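Predicted model, so just to flag it, every value in this text is computed and none were measured. Whatever order the structure lists them in is the order used to number ligands and atoms, beginning at 1.
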Amino acid sequence: NIVENSKFAPATISSIDNLKKAFDALSNKEITNVLIEANSCEGGCIGGPAVPKKSRNIYVRKIRARNKIQNLKEKEYKNYSLEEKNLNNIRNFRNKQYIHPKFTEEEIRNVLEQTGKHKKSDELNCGACGYDSCRDKAISVLEGLSHSQMCMPYMRSEAEKISNIYFEYSPSIILIVDLDLNILDLNPVGAKAFNIDVAFVKNKPLSSIIPDNDFRHVLRTEENMEGRKLNLEKYGLTVYERIIYLPKNKILFGILNDITDDEFKKEQITNFKMNTLETADKVIEKQMRVAQEIAGLLGETTAETKSALLKLKKVVLEENE
Ligand code: SF4
């Protein structure tokens with residue numbers, strides 16, 4: 001009733017585009033005295049992000065919701081107390097309009113520069129940051145409403161730069177192959193280890209440089225290989241091999257850590273241990289032999305002593321008789 005008796009015409013407007021049009025019309029005084037229910041989401045809250053994705057068509061939802069609300073309203077209104085029915089619902093609103101501060105061209109350009117927008121063509125105006133243009137976004141940064149790095153194309157190119165740096169300077173051999181196991185790329189460490197030119201090896205089968213059995217296994221099982229020792233005798237290398245399967249990108253990513261030196265040291269230590277054991281065995285054997293010889297000699301002399309004493313005893317006994 002309040003709305004009906006008011007001089008303001010009610011209007012429910014949803015979606016950002018429609019609201020912009022309505023607010024433009026208000027600013028131009030093309031429309032006046034309207035009470036706008038402004039909904040950012042298409043169709044209002046019923047079309048908002050909290051609505052389950054698989055729910056019914058928005059118009060079906062709207063009609064059902066309206067019927068339900070109407071039933072509730074009628075039922076509840078009957079139970080209102082007199083005091084509730086006479087409630088004064090008039091509210092006063094104050095102007096909360098936000099006046100955007102003005103910024104100089106130089107200030108705006110400085111912010112644009114921070115995300116690599118040095119010239120007009122660098123401003124992609126893709127809207128991924130939520131602003132209509134790169135300039136609007138730069139102004140919001142100056143207003144303290146957003147962060148300068150919050151630009152999808154910029155963040156993506158930065159991430160690519162970082163991954164390129166990792167690829168270029170990683171101490172591990174990194175190779176990328178497609179699902180047919182053809183080489184797409186090989187980092188400089190790999191090129192050096194296999195003594196090949198990357199340009200020459202690109203699009204060649206992986207098996208032309210290393211055995212591809214493990215990569216085939218990963219393709220078959222669709223499971224990453226966490227780590228396996230692999231001897232690449234052809235290159236005098238022992239590597240610790242990990243393979244990552246990226247089905248969305250349709251590639252396999254091989255990371256080979258060179259453990260040749262570690263393995264050599266391990267082998268040396270094992271050889272040293274074996275030599276020590278062998279020497280210990282020889283010493284023990286020799287000691288045993290000496291002990292046996294000593295025991296033999298002792299046994300011999302004991303027997304001789306016994307025989308001499310018996311002879312002596314016999315002589316003494318014979319003399320006494
Ligand atoms: S995401 Fe970046 S490129 Fe796209 S409009 Fe925003 S600032 Fe411009």
Side-chain angles (χ1 to χ4, degrees), residues 11-31 34 36-55 57-58 95-170 174 176 178-179 184-185 187-188 202 244-253 255:
T12 302
I13 301 173
S14 67
S15 91
I16 299 285
D17 285 343
N18 289 336
L19 283 168
K20 273 184 186 168
K21 285 177 202 159
F23 293 146
D24 282 346
L26 270 177
S27 304
N28 301 336
K29 303 219 179 320
E30 288 173 72
I31 49 172
V34 282
I36 295 178
E37 182 196 331
N39 299 295
S40 305
C41 300
E42 192 84 47
C45 302
I46 208 159
V51 175
K53 278 186 188 152
K54 288 185 182 163
S55 62
N57 179 308
I58 187 167
N95 186 356
K96 290 184 185 172
Q97 187 190 5
Y98 174 70
I99 310 282
H100 290 275
K102 294 265 179 268
F103 298 101
T104 64
E105 182 61 23
E106 193 187 350
E107 286 173 313
I108 296 170
R109 283 245 59 87
N110 277 345
V111 177
L112 289 168
E113 297 268 340
Q114 286 172 29
T115 49
K117 294 164 184 53
H118 307 290
K119 49 188 188 305
K120 200 75 194 153
S121 58
D122 294 331
E123 295 173 31
L124 301 176
N125 302 323
C126 66
C129 55
Y131 294 90
D132 284 344
S133 68
C134 301
R135 281 183 75 81
D136 286 353
K137 155 75 191 339
I139 290 167
S140 84
V141 172
L142 290 166
E143 286 179 277
L145 300 175
S146 67
H147 197 276
S148 63
Q149 312 287 304
M150 206 179 77
C151 165
M152 286 303 270
Y154 172 74
M155 286 196 290
R156 188 181 171 156
S157 80
E158 284 301 292
E160 278 170 1
K161 265 189 224 162
I162 291 167
S163 58
N164 283 346
I165 289 170
Y166 179 72
F167 186 78
E168 286 293 312
Y169 298 103
S170 166
I174 300 177
I176 303 168
D178 62 19
L179 299 187
L184 296 177
D185 215 345
N187 71 342
K202 271 188 185 176
I244 299 159
Y245 176 45
L246 301 172
K248 275 191 195 160
N249 306 71
K250 296 195 168 93
I251 55 169
L252 290 145
F253 205 72
I255 303 171

Can you tell me the protein heavy atom closest to [atom] and the distance?
atom                    : value
atom 6 (Fe) of ligand 1 : Cys129 SG, 2.3 Å
atom 4 (Fe) of ligand 1 : Cys126 SG, 2.3 Å
atom 2 (Fe) of ligand 1 : Cys151 SG, 2.3 Å

Checking only N/O/S atoms, does Cys134 have one that is under 2.8 Å from atom 6 (Fe) of ligand 1?
-> no

Could you tell me whether Tyr169 atom OH has more than 12 heavy atoms of other residues or ligands within 6.0 Å of it?
-> no

Side chains of [X] and [Y]: closer than 4.5 Å at any heavy-atom pair?
X      : Y      : answer
Ile165 : Glu168 : no
Leu179 : Tyr245 : yes
Lys137 : Ser146 : yes

Can you measure from CD (Glu113) to OG (Ser148) and round to the nearest 0.5 angstrom?
-> 12.5 Å

Ligand 1-proximal atoms of Lys137, by part, heavy-atom distance under 4.0 Å = side chain

Taking heavy atoms and a distance under 4.0 Å, where does Asn125 meet ligand 1: side chain, backbone, both or neither?
->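 The backbone, only.
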
Taking only heavy atoms of Pro153 into account, list the atoms of ligand 1 that are under 4.0 Å away from them.
->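 Selected atoms, number and element: 1 (S), 2 (Fe), 3 (S).
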
Under 4.0 Å from any heavy atom of Met152, which atoms of ligand 1 are there?
->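 It comes down to these atoms of ligand 1: 1 (S).
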
Run the numbers on Glu105 and Arg135 for side chain to side chain contact (heavy atoms under 4.5 Å, CB included), then give the verdict.
-> CA-CA 10 Å; Glu105 182 61 23; Arg135 281 183 75 81; 2.8 Å; yes

